[in-house]
Amino acid sequence: MIDMDDVLTSGNFIYYLEEYLGKKIDINQYKFYSLQELLGNKKMDFFNKFKDLNMYQNAVLLPNCYEVLKELNEIYKIYICTAYIWPEIISYAGNNLKDKYQFLYENLDFIDPRNYIFAEDKAIVNCDIKIDDKLENLKNAKLKLLYTAWHNKDLDLEEENLIRVNDWLDIKRVLMKKNNTLQKY
Ligand SMILES: [Mg+2]
């Protein structure tokens with residue numbers, strides 16, 4: 001199970017946020033997961049202005065993602081599991097999910113759309129391997145790959161079967177290890 005935001009692509013959310021706030025945002029200085037926190041009490045105003053925009057228009061896959069995922073797809077059964085960007089205005093979530101669907105469909109042509117999962121609580125999915133940038137989304141996996149992001153870079157990973165990956169080449173290294181990983185999972 002692979003997460004979408006900040007694992008497959010970083011989307012446009014940060015650019016819209018910068019546009020709204022009128023300043024550059026250096027995400028590495030923040031520890032919190034949700035960049036919406038930067039909006040403070042202006043959240044609803046921001047939503048009203050940006051909720052209809054496509055967060056994935058012209059977005060690109062992260063480096064090496066396509067090639068590595070394609071290779072992994074030969075060996076593993078891959079599901080993309082992604083959550084709502086706008087949980088606060090859930091009646092609008094359909095627009096965003098449609099844009100997510102379209103991005104996945106256009107950029108990952110070898111993954112069957114029936115393997116997309118849209119869910120807020122990813123712990124409901126039990127599977128062998130999960131890749132996500134949010135630690136709690138890795139629950140219920142035998143092997144957990146935490147994708148490095150601004151909000152998790154200082155976390156110490158002590159749990160067994162929890163591995164940090166910094167990019168898609170790291171993911172390849174971990175998951176293509178022929179001698180043990182494949183036989184174990
Ligand atoms: Mg994510």
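Indexing begins at 1, ligand by ligand and atom by atom, following the structure's order. These numbers come from the heavy atoms of this one structure, side chains and all, not from hydrogens, waters or symmetry mates.
- Judged by distance alone, the side chain of N12 and the main-chain N or O of M55 form a donor-acceptor pair under 3.5 Å.
- A donor-acceptor contact closer than 3.5 angstrom links the side chains of D109 and Y66.
- Side-chain atoms of Y33 and D133 form no donor-acceptor pair, as typed in the model, at a separation below 3.5 Å.
- Looking only at its N/O/S atoms, D5 has O as the one nearest to the Mg ion (ligand 1).
- Residue D132: no N/O/S atom is found under 2.8 Å from the Mg ion (ligand 1).
- The distance from the Mg ion (ligand 1) to the nearest N/O/S atom of D133 is under 2.8 Å.
- For D3, the N, O or S atom closest to the Mg ion (ligand 1) goes by the atom name OD2.
- Ring planes of F118 and Y101: tilted class, angle from 30 to 60°.
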